[in-house]
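Chain identifiers are assigned alphabetically (A, B, ...) following the order of the sequence lines, protein sequences preceding nucleic acid strands; residue numbering begins at 1 within each chain.
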There are 2 protein chains.
Amino acid sequence: MPEPTGRRERKKAATRQKIADAARRLFLERGYEEVGIREVAAEADVAVTTLFSHFPAKEALVFAEDAGFARRLTEAVTGRAPDTPLVPALRREVEALVRHCSSDEAAPVYHLIDTTPALRQYEAAMRQRHADALATALTGARAGSATACRALATFTVDAYALARDADEPGAALDELFAMIEAAWAAAGPGRP
Amino acid sequence: MPEPTGRRERKKAATRQKIADAARRLFLERGYEEVGIREVAAEADVAVTTLFSHFPAKEALVFAEDAGFARRLTEAVTGRAPDTPLVPALRREVEALVRHCSSDEAAPVYHLIDTTPALRQYEAAMRQRHADALATALTGARAGSATACRALATFTVDAYALARDADEPGAALDELFAMIEAAWAAAGPGRP
DNA sequence: GAACGTAACACTAACGGTTAGCCTTTTGAA
DNA sequence: TTCAAAAGGCTAACCGTTAGTGTTACGTTC
């Protein structure tokens, strides 16, 4: 069973990108609610069913890169060098994510998200998934009790969201991770 | 502008309750996804449009009491006696809410929620609204910086969700509020 | 390199939640 | 009694989403 490394994969990725680009363009031009799925599919020149075979829902078109989020967070835990303290590793990753959201390329999209209730709602559900994934990684690392790990995961993902909304993301991150560090210290009995 | 204290209000509340009861019965009998809105409306003997004038979405039928949640949490802050420490007041309220969810009457509903993805997702969005409301109350109480207040609000609402999911809600609450207390101490410079 | 299995995509039609438009009845107040 | 507004009802539609069914193009295998 050789992994399908070839043209097929490239074509699939290209189609996905074409759809995401079309959606991004239309949503930013005219607003999320004002653009229908059938319109996005037409603009990308694919069938509606094809669109839904690449994205599970309309909202997901806006969060096309979200798969990388959970991955980066969990890898910050599983792939860290031994003796590396946990919370600073998480903080580094969250900081990078927040910075990415403020980049010139991504900022308009996040403004769209912040001003569209349906997208805010979808993002809240996404955060729960990300927190669950991170919690699994943390409990796997035997870093603390199950409850403490779940709490650390949830608080970390929240910190990302709160910092993104804050006036001064950098300062907010300082404050948030000071709180998280204290919370973790109060819970984690022993850790490298 | 006399407030409408009378039969009209009672009838409205009765209709709302009738709808919520019908929905609860049908959902518990046959599962959330297997029951359509038109069916709930028929069971409650109202029009579909009437149903949607009482509840903003199908999912909201399951969380009929959610309005009380945010209210109780914010009142734990705004209506507390002077010199009452903040975090323990929040903890008492969260503890009561968690206990209520485990009661014989409410437990089946929360089991339904936990096993239905659409409801879990809706609840995540609801938590964000509750956290926002609580954060507003906290910043109004000048209890700390804006970021610290938002973080405390978010963490508190998360603690409710985490404790509800935990094997031992009581023990989980002990652990969670020890973490929150530490986080708050690390952030709040001065407070009564 | 010819045949085959399958992944990707297209098309149609429908389902289910949600809303707009408009009308009737009930209620509280002047 | 009269009247404005609230509550509810009916119809029809919109829109996201999916099932069902076929077709094409790719990768594999003989």
**Request:** Mark yes when over 12 heavy atoms from residues, nucleotides or ligands other than A/E65 sit less than 6.0 Å from its CD; otherwise mark no.
**Result:** no

**Request:** Answer yes or no: is there a donor N or O on one side and an acceptor on the other, between the side chain of B/T74 and the main chain of B/R71, under 3.5 Å?
**Result:** yes

**Asked** Could you state the CG-P distance from B/L119 to C/dG17, rounded to the nearest angstrom?
**Response** 12 Å

**Request:** Using salt bridge (Lys or Arg N to Asp or Glu O under 4.0 Å) as the criterion, list what pairs up with B/D132, not counting sequence neighbours.
**Result:** none

**4.5 Å side-chain heavy-atom contact, A/R80 and A/E93** = no

**Request:** Figure out the CG/P separation between A/D45 and C/dA10, and round it to whole Å.
**Result:** 7 Å

**Item:** Results of ring pair (Phe, Tyr, Trp, His ring centres under 6.0 Å) for A/Y110 - residues two or more places apart only
**Value:** none

**Prompt:** How would you label the contact of A/V48 with the nucleic acid (heavy atoms, under 4.0 Å): base, sugar-phosphate, or nothing?
**Reply:** base

**Item:** Check: A/A64 main-chain N/O paired with A/R16 side-chain donor or acceptor under 3.5 Å
**Value:** yes

**Request:** Go through D/dA25, C/dT19, C/dT27 for me and flag the one nearest to the B/R8 side chain.
**Result:** C/dT27

**Prompt:** Can you list every pair that meets ring pair (Phe, Tyr, Trp, His ring centres under 6.0 Å) and has a residue in residues 10-59 of chain B, with sequence neighbours left out?
**Reply:** B/F27-B/Y32

**Asked** Which parts of residues 52-69 of chain A get close to DNA chain C, meaning a heavy atom less than 4.0 angstrom away?
**Response** A/H54

**Fill in**
Contact check, residues 11-39 of chain B vs DNA chain D, heavy-atom distance under 4.0 Å, returns B/K12, B/T15, B/R38

**Message:** Heavy atoms from C-beta onward define the side chain here; which of D/dC10, C/dC9, D/dG27 lies closest to that of A/T50?
**Reply:** C/dC9

**Asked** side chain to side chain contact (heavy atoms under 4.5 Å, CB included) with B/P56: which residues, sequence neighbours excluded?
**Response** B/A60, B/Y122

**Message:** In this structure, how many angstroms lie between the C1' atom of C/dC11 and the CG atom of A/L51, rounded?
**Reply:** 15 Å

